[in-house]
There are 2 protein chains.
Amino acid sequence: MELNRDSQTPYSADRAEKHIIRKLGLKVTTQRLAILKALKGNRGHFTAQEVYETVSGPYPLIGFATIYRFLRLLSEHGFVTEVRLGGLPARYEWKTKQHHDHLTCQQCGFICEFEDPQIEALQNEVAKKFGFALTHHVLELYGICTTCQKKRIPT
Amino acid sequence: MELNRDSQTPYSADRAEKHIIRKLGLKVTTQRLAILKALKGNRGHFTAQEVYETVSGPYPLIGFATIYRFLRLLSEHGFVTEVRLGGLPARYEWKTKQHHDHLTCQQCGFICEFEDPQIEALQNEVAKKFGFALTHHVLELYGICTTCQKKRIPT
DNA sequence: AAGAAAAATGAGAATGAATCTCAACAAGGT
DNA sequence: ACCTTGTTGAGATTCATTCTCATTTTTCTT
C-alpha cells in the first residue's frame with residue numbers, strides 16, 4: 001500500500017477520528033480514517049458496499065475485508081448502529097445523535113428517525129417483569145409514507 | 001417421489017392444514033402438510049434448517065427449495081412471522097397467537113414473548129405524526145436472562 | 001532516523017443462507 | 001385412468017460476509 005505517504009491533509013484535521021481509533025486500542029491507518037469520515041458524512045445508513053464506494057474515490061485501494069472488520073469493531077464498541085432488515089445487506093449508522101428508532105416506508109425505503117421516551121420506559125417495565133437485564137433494543141416500524149400513499153395505483 | 005402413496009393417516013386428521021393450503025390457492029402435497037405440522041408443533045421459532053430436520057424424520061426426501069418456497073408463501077400471506085436477527089438464519093414462527101414481540105437473551109438465545117398494548121398505541125401515535133400508514137412493526141428487546149445473570153463469570 | 005516487533009491490509013478463497021433452474025413427478029379435475 | 005398444470009428437489013448460483021496468510025504499515029525503542 002503506497003497511499004499513506006501523503007494522504008493526510010497538511011494541517012491534519014483528523015483529530016477526532018484518530019482519537020476514536022485510539023480509544024479502541026487500534027492503530028491509526030488511512031483506511032480507518034477514511035471509513036470514519038465516510039460514516040460521519042451526512043447521509044447515514046450506509047451499507048458496506050456504499051462505504052466502499054464512498055471511500056474508493058480518494059483511496060481506490062481499500063478492501064472489503066478491512067471495511068467489514070472495522071465496521072464490526074465500531075458496532076461492537078457502540079460507535080455505530082448495525083441494522084439488518086429482511087435479508088438485505090446490513091446498514092451501518094454513525095451514532096452521533098442519541099438513540100432513536102426507525103420508521104421505514106416499504107414502498108420507497110424512506111427512513112424517518114424518531115425517539116419516544118414513553119416507549120423506552122415501557123420496554124424497561126417489560127424487561128423487569130421477565131427478570132432480564134436489558135442491553136439494547138430494536139424498534140422498527142413499517143408503513144407507507146405520505147408521498148407513496150398518494151402515488152398508490154388502485155388495484 | 002414415492003413417499004406420498006400411504007403417507008396420510010387413515011382417518012386423515014389433516015383437515016386444518018389442507019384448508020390452509022387451499023386458502024392459498026395451492027395444491028395439497030405431503031411436503032406442505034409436513035411443514036405445516038412441524039411449524040405448528042409446540043417449539044416455535046424454527047429456522048429452515050430445523051424445519052428440515054423435523055420434517056426429515058417421517059419424510060426423508062424433502063428439499064430445502066421446497067421448505068424455503070413454502071415458508072416464504074406462508075409468511076407473505078401472514079400465516080407465519082419471519083424474524084431475522086443479526087446475521088443469523090431467519091426464524092419462522094406460526095401465528096396462532098395474536099401479535100407479540102420478543103425479548104431475547106444474548107447469552108443463551110432464550111426467547112420470551114410479550115405483548116404490550118400501551119407500546120402498540122404509542123407506535124401508532126408516532127406513525128400518525130409522520131403521516132405514515134402503519135403496516136407492521138418489529139420490536140426486539142435484548143438482554144441477559146435471569147439464569148445467565150447468575151451464571152456470569154466475573155471478568 | 002533506523003530497525004524491530006506487532007498489528008493491519010487486501011486478494012482471493014471459503015462459508016453459508018437463500019434462491020433459481022429445469023427435468024421428473026404428483027395432484028386435481030374430467 | 002387421463003391430461004393439464006402445479007410442485008418437487010438435486011445441484012448450480014447468488015450474494016453478503018468472513019477467513020487466510022503473505023505483504024505492508026504503524027508504532028515503539030534506541
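Heavy atoms only: backbone and side chains are in, while hydrogens, waters and symmetry mates are out. So that the names make sense, note that chain A is the first sequence line, chain B the second, and so on, each numbered from 1.
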(request) Can you sort out the partners of A/T47 under side chain to side chain donor-acceptor pair (under 3.5 Å), two or more places apart, ordered by chain and number? (result) none

(request) Would you mind listing every salt bridge (Lys or Arg N to Asp or Glu O under 4.0 Å) that reaches into residues 76-85 of chain A, with sequence neighbours excluded? (result) A/E82-A/R84

(message) Starting the side chain at C-beta, find the nucleotide from D/dA16, D/dG9, C/dA18 nearest to A/P89.
(response) D/dA16

(request) Indicate yes or no: at least one non-hydrogen side-chain atom of A/D101 is less than 4.5 angstrom from one of A/E113. (result) no

(request) Find the distance A/Y52:OH to D/dT17:P and express it as a whole number of Å. (result) 15 Å

(message) Just the rounded figure in Å: distance from P of C/dG28 to NZ of B/K18.
(response) 8 Å

With 3.5 Å as the limit, what N/O pairs link the protein to nucleotides 3-6 of chain C?
unit_1: C/dA6; atom_1: N3; unit_2: A/K27; atom_2: NZ; d: 3.2

(request) Quickly work out the A/I21 CD1 to C/dT9 P distance and round it to whole Å. (result) 9 Å

(request) Would you kindly compare B/V28 and B/R84 by the position of their nearest DNA chain C nucleotide and give the one closer to the 5′ end? (result) B/R84

(message) Could you check whether atom CD of A/Q118 has more than 12 heavy atoms from other residues, nucleotides or ligands sitting under 6.0 Å from it?
(response) no

(message) Please give me the minimum heavy-atom distance between A/T146 and B/G131, naming the atom from each residue.
(response) OG1-O, 3.5 Å

(request) Determine the interplanar angle of the B/H100 and B/H45 rings, folded into 0 to 90°, and report it as parallel if under 30°, tilted if 30 to 60°, perpendicular if over 60°. (result) perpendicular

(request) Go through D/dG9, C/dA17, C/dG10 for me and flag the one nearest to the A/I62 side chain. (result) C/dG10

(message) By the ring pair (Phe, Tyr, Trp, His ring centres under 6.0 Å) test, which pairs, at least two apart or in different chains, include something from residues 112-136 of chain A?
(response) A/H136-B/Y142

(message) Please enumerate all residues that pass salt bridge (Lys or Arg N to Asp or Glu O under 4.0 Å) together with A/R91, with sequence neighbours excluded.
(response) A/E50

(request) Under 4.0 Å between any heavy atoms, over every strand shown, what does A/L26 touch: base, sugar-phosphate, or nothing? Just pick one. (result) sugar-phosphate

(request) Compare side-chain N and O positions of A/R32 against OP1 and OP2 of C/dT9 and report whether any pair is under 4.0 Å apart. (result) yes

(message) If you take any heavy atom closer than 4.0 Å to DNA chain C, which residues from residues 64-73 of chain A end up in contact?
(response) A/A65, A/T66, A/R69

